[in-house]
Amino acid sequence: MLRIAVLNGPNLNMLGIREPGVYGNESLSAIETQVKSRGDELGVQISFFQTNHEGDMIDRIHSAYCNEDGIIINPGAWTHYSYAIRDALSAVSIPIVEVHLSNIHKREAFRHVSVVAPVALGQIAGFGASGYLMALDGLVRKLQSESSKE
């Protein structure tokens with residue numbers, strides 16, 4: 001059974017409250033419920049983690065090494081400046097998909113650059129909560145394709 005970690009960075013615990021015009025009305029727990037349901041359909045074990053503390057996220061990323069097959073991450077504001085998060089993701093050598101609820105490329109200029117994207121398989125932005133489901137589907141397909149080649 002594939003194991004995928006869904007990691008969420010700062011302020012994502014405030015989804016549904018924080019700027020609903022930008023981030024939508026769904027809470028993080030509602031998004032997690034949707035992802036878990038889709039994971040069950042796909043036969044994938046999903047774990048969830050959210051933190052507002054960069055060191056805690058780095059520790060969680062490190063713990064994925066040899067314990068998870070893939071990572072879906074919404075790094076929040078860390079997307080744009082946290083080389084520590086980027087380096088942690090790179091260090092564990094696990095396939096990663098970066099997710100953003102809003103289209104970061106249509107927002108303020110400082111949001112246009114992702115330091116995480118270069119170590120990710122891909123980036124999904126602008127599709128709201130369904131971006132997590134797109135990331136899950138794509139990551140599972142990629143992992144299954146790689147395992148069938150072995």
Side-chain angles (χ1 to χ4, degrees), residues 2-36 38-39 42 44 46-146:
L2 290 174
R3 298 159 298 170
I4 295 176
V6 178
L7 310 179
N8 286 284
N11 299 311
L12 291 163
N13 57 305
M14 298 300 290
L15 288 177
I17 298 167
R18 176 185 176 220
E19 299 178 79
V22 174
Y23 300 109
N25 294 312
E26 293 184 81
S27 67
L28 183 57
S29 64
I31 293 169
E32 289 174 349
T33 298
Q34 293 172 39
V35 173
K36 168 112 176 49
R38 182 69 180 133
L42 295 170
V44 176
I46 308 284
S47 64
F48 298 98
F49 180 76
Q50 187 280 325
T51 185
N52 296 314
H53 305 281
E54 189 175 32
D56 291 344
M57 180 62 79
I58 291 166
D59 289 342
R60 179 60 184 89
I61 292 166
H62 290 173
S63 74
Y65 182 72
C66 292
N67 292 310
E68 267 124 358
D69 301 298
I71 294 173
I72 295 169
I73 186 167
N74 183 339
W78 293 326
T79 301
H80 315 294
Y81 68 88
S82 181
Y83 295 103
I85 298 289
R86 179 242 183 257
D87 289 350
L89 291 165
S90 181
V92 296
S93 299
I94 297 170
I96 298 151
V97 178
E98 179 183 354
V99 173
H100 297 283
L101 296 163
S102 67
N103 183 346
I104 62 174
H105 305 287
K106 288 180 71 173
R107 297 187 61 200
E108 303 93 340
F110 75 90
R111 295 186 196 274
H112 296 182
V113 175
S114 168
V115 300
V116 172
V119 299
L121 290 173
Q123 180 189 77
I124 298 172
F127 291 95
S130 64
Y132 285 88
L133 301 174
M134 293 174 184
L136 179 60
D137 287 341
L139 184 54
V140 167
R141 278 193 211 108
K142 179 72 170 171
L143 291 168
Q144 288 173 339
S145 169
E146 288 177 358

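Quantities reported herein were computed from a predicted structural model and do not represent experimental measurements.
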Would you call Glu26 and Leu15 a side-chain contact if the rule is heavy atoms closer than 4.5 Å? no
Within 6.0 angstrom of Tyr81 OH, more than 12 heavy atoms from elsewhere: yes
Determine the minimum heavy-atom distance between Gln34 and Leu133, stating which atoms define it. O-CD2, 3.7 Å
NZ/NE/NH1/NH2 to OD/OE distance under 4.0 Å, Arg60 and Glu68: yes
Determine whether His80 and Val113 make a side-chain contact, defined as any pair of heavy atoms from C-beta on separated by less than 4.5 Å. no
Minimum side-chain heavy-atom gap Leu136-Val97 below 4.5 Å: no
Do you know the tightest heavy-atom contact between Gly39 and Ile46? CA-CG1, 4.1 Å
Any non-hydrogen side-chain atom of Leu28 less than 4.5 Å from a side-chain atom of Phe48? no
Sub-3.5 Å donor-acceptor pair from the side chain of Asn103 to the main-chain atoms of Ala125, do we have one? no
Taking every non-hydrogen atom, the tightest pair across Val99 and Asn74: O-CG, 3.1 Å
Glu32/Val6 under side chain to side chain contact (heavy atoms under 4.5 Å, CB included): CA gap, chis, key distance, verdict: CA-CA 9 Å; Glu32 289 174 349; Val6 178; 5.9 Å; no
Counterpart residues, side chain to side chain contact (heavy atoms under 4.5 Å, CB included), relative to Ala88 (two or more places apart): Ile58, Ile61, His62
Which value, rounded to the nearest 0.5 Å, describes the distance between Ser82 atom OG and Met57 atom CE? 9.5 Å
Shortest non-hydrogen contact from Ala64 to Ile94? O-CD1, 3.3 Å
Between the OG1 atom in Thr51 and the CG atom in Asn8, the distance rounded to the nearest 0.5 Å is 10.5 Å
Separation of Gln123 CD from Ile96 CD1 (nearest 0.5 Å): 13.0 Å
Any non-hydrogen side-chain atom of Ile4 less than 4.5 Å from a side-chain atom of Leu143? yes
Nearest 0.5 angstrom please: Asp59 CG to Glu54 CD, how far? 11.0 Å
Report yes if some heavy atom in the side chain of Glu98 is under 4.5 Å from a heavy atom in the side chain of Pro75; otherwise report no. yes
Side chains of Trp78 and Ile73: closer than 4.5 Å at any heavy-atom pair? no
About how many Å separate CD1 of Ile31 and OG of Ser29, when rounded to the nearest 0.5 Å? 8.5 Å
So do Tyr132 and Arg38 actually touch side chain to side chain, heavy atoms under 4.5 Å? no
Grab the two heavy atoms, one from Leu121 and one from Pro95, that are nearest each other, plus how far apart they are. CD1-CB, 3.6 Å
On a heavy-atom basis, the closest approach of Asn52 and Asn13 is OD1-OD1, 3.3 Å
Would you compute the distance between atom CD of Gln144 and atom CG of Leu42 and round it to the nearest 0.5 angstrom? 7.5 Å
